[in-house]
S.K.: 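Okay, handing you the structure first.
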Amino acid sequence: QVQLVESGGGLVQPGGSLGLSCAASIRVFSDYAMGWFRQAPGKEREVVAAISGSGLSTTYADSVKGRFTISRDNAKNMLSLQMNSLKPEDTAVYYCAARRYSLVARTSTSYDYWGQGTQVAVSS
């Protein structure tokens, strides 16, 4: 049974930074590609960033390139998302997702397991 638990969301001012973490109960964590997705009210869920099982390959949404960094610690079964220069349009529920293949993917349908989500609000 795979479980993903996100933490680190909250309220931050525009231009600020926030870090998200996802603890994964996966036996061989490196066999799974991981992703961060987000969903704002009234909008579809979209990819934020994703990373391969080895951590060597990453992909980002154009809207967050240069501001967000995805990383993973396979020894600790942890996925992270460092978010800098946050904007009001980054406000959303952020979800951690796991894919039963090690290759990185950008579509939500490619992922098999999801966390419960954590709220990020960017506002002054």
S.K.: For Val104 and Ile51, work out which heavy atoms get closest and say how close.
M.R.: CG2-N, 3.6 Å

S.K.: Mind checking the CZ-OH spacing from Arg72 to Tyr32? Nearest 0.5 Å is all I need.
M.R.: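 It is 11.0 Å, given to the nearest 0.5 Å.
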
S.K.: Please check if the side chain of Asn84 supplies one atom and the backbone of Gly16 the other of a donor-acceptor pair under 3.5 Å.
M.R.: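 Flag not set: sc Asn84 to bb Gly16 has no pair under 3.5 Å.
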
S.K.: Roughly how far, to the nearest 0.5 Å, is CZ of Arg45 from OH of Tyr94?
M.R.: 13.0 Å

S.K.: Report the C-alpha distance between Lys87 and Asp90 in whole Å, list the side-chain angles of each, state the deciding distance to 0.1 Å, and finish with yes or no for salt bridge (charged side-chain N to carboxylate O under 4.0 Å, His left out).
M.R.: CA-CA 5 Å; Lys87 304 175 181 180; Asp90 294 318; over 6 Å; no

S.K.: Ignoring hydrogens, what is the shortest heavy-atom contact between Gln82 and Ser17? Give both atom names and the distance.
M.R.: NE2-CB, 3.9 Å

S.K.: Please report the shortest heavy-atom distance between Tyr60 and Phe68, naming the atom on each side.
M.R.: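 Shortest heavy-atom separation between Tyr60 and Phe68 comes out as CE2-O, 3.2 Å.
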
S.K.: Picking from Thr59, Val48, Leu81, Leu20, what satisfies side chain to side chain contact (heavy atoms under 4.5 Å, CB included) with Ile70?
M.R.: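 Exactly one pass, corresponding to Leu81.
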
S.K.: Report yes or no: do Val2 and Phe29 belong to one cluster of Ile/Leu/Val/Met/Phe/Trp/Tyr joined by side chain heavy-atom distances under 4.5 Å?
M.R.: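 Yes, one cluster joins them.
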
S.K.: At their closest point, which heavy atom of Thr107 faces which heavy atom of Ser110, and how far apart are they?
M.R.: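 For Thr107 and Ser110, the tightest heavy-atom pair comes out as OG1-OG, 2.6 Å.
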
S.K.: Please name the pair of heavy atoms, one in Ser123 and one in Pro14, separated by the smallest distance, quoted to 0.1 Å.
M.R.: C-CD, 3.6 Å

S.K.: Which pair of non-hydrogen atoms, one from Leu4 and one from Ala98, has the smallest distance, and what is that distance?
M.R.: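 Distance-wise, the nearest heavy atoms are CD1-N, 3.7 Å.
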
S.K.: Checking Arg38 against Tyr95: charged group under 6.0 Å from the ring centre and within 45 degrees of the axis?
M.R.: no

S.K.: Return the CD to CD distance between Glu6 and Gln119, rounded to the nearest 0.5 Å.
M.R.: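 The distance works out to 12.0 Å.
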
S.K.: Kindly indicate, with the supporting measurements, whether the criterion side-chain contact (heavy atoms from CB on, under 4.5 Å) is fulfilled by Trp114 and Cys96.
M.R.: CA-CA 6 Å; Trp114 294 83; Cys96 168; over 6 Å; no

S.K.: Under a 3.5 Å distance rule, please check whether Asn77 uses its side chain to pair with a backbone N or O of Ile26 as donor and acceptor.
M.R.: yes

S.K.: For the residue pair Phe37 and Tyr111, does the interplanar ring angle fall in the parallel (under 30°), tilted (30 to 60°) or perpendicular (over 60°) class?
M.R.: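 Geometry flag for Tyr111 against Phe37: perpendicular rings.
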
S.K.: Is there a side-chain contact (heavy atoms from CB on, under 4.5 Å) between Thr91 and Val120 once you walk through the steps?
M.R.: CA-CA 5 Å; Thr91 295; Val120 171; 5.9 Å; no

S.K.: Determine, stepwise, if the pair Ser30 / Val28 fulfils side-chain contact (heavy atoms from CB on, under 4.5 Å).
M.R.: CA-CA 6 Å; Ser30 59; Val28 186; 3.9 Å; yes

S.K.: From Ser102 OG over to Leu56 CG, what is the distance, rounded to the nearest 0.5 angstrom?
M.R.: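 If we round to the nearest 0.5 Å, Ser102:OG and Leu56:CG are 10.5 Å apart.
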
S.K.: Measure the spacing between NZ of Lys43 and CD of Glu89 and express it to the nearest 0.5 Å.
M.R.: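 Reported to 0.5 Å precision, the distance equals 8.5 Å.
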
S.K.: Is there a donor-acceptor pair closer than 3.5 Å between any side-chain N or O of Asp112 and the backbone N or O of Arg100?
M.R.: yes

S.K.: So, taking the atom named OH in Tyr113 and the one named CZ in Arg99, what distance separates them when rounded to the nearest 0.5 Å?
M.R.: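 Atom-to-atom, Tyr113:OH and Arg99:CZ are 13.0 Å apart.
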
S.K.: Measuring only between side-chain heavy atoms, which start at C-beta, is Leu79 closer than 4.5 Å to Trp36?
M.R.: yes

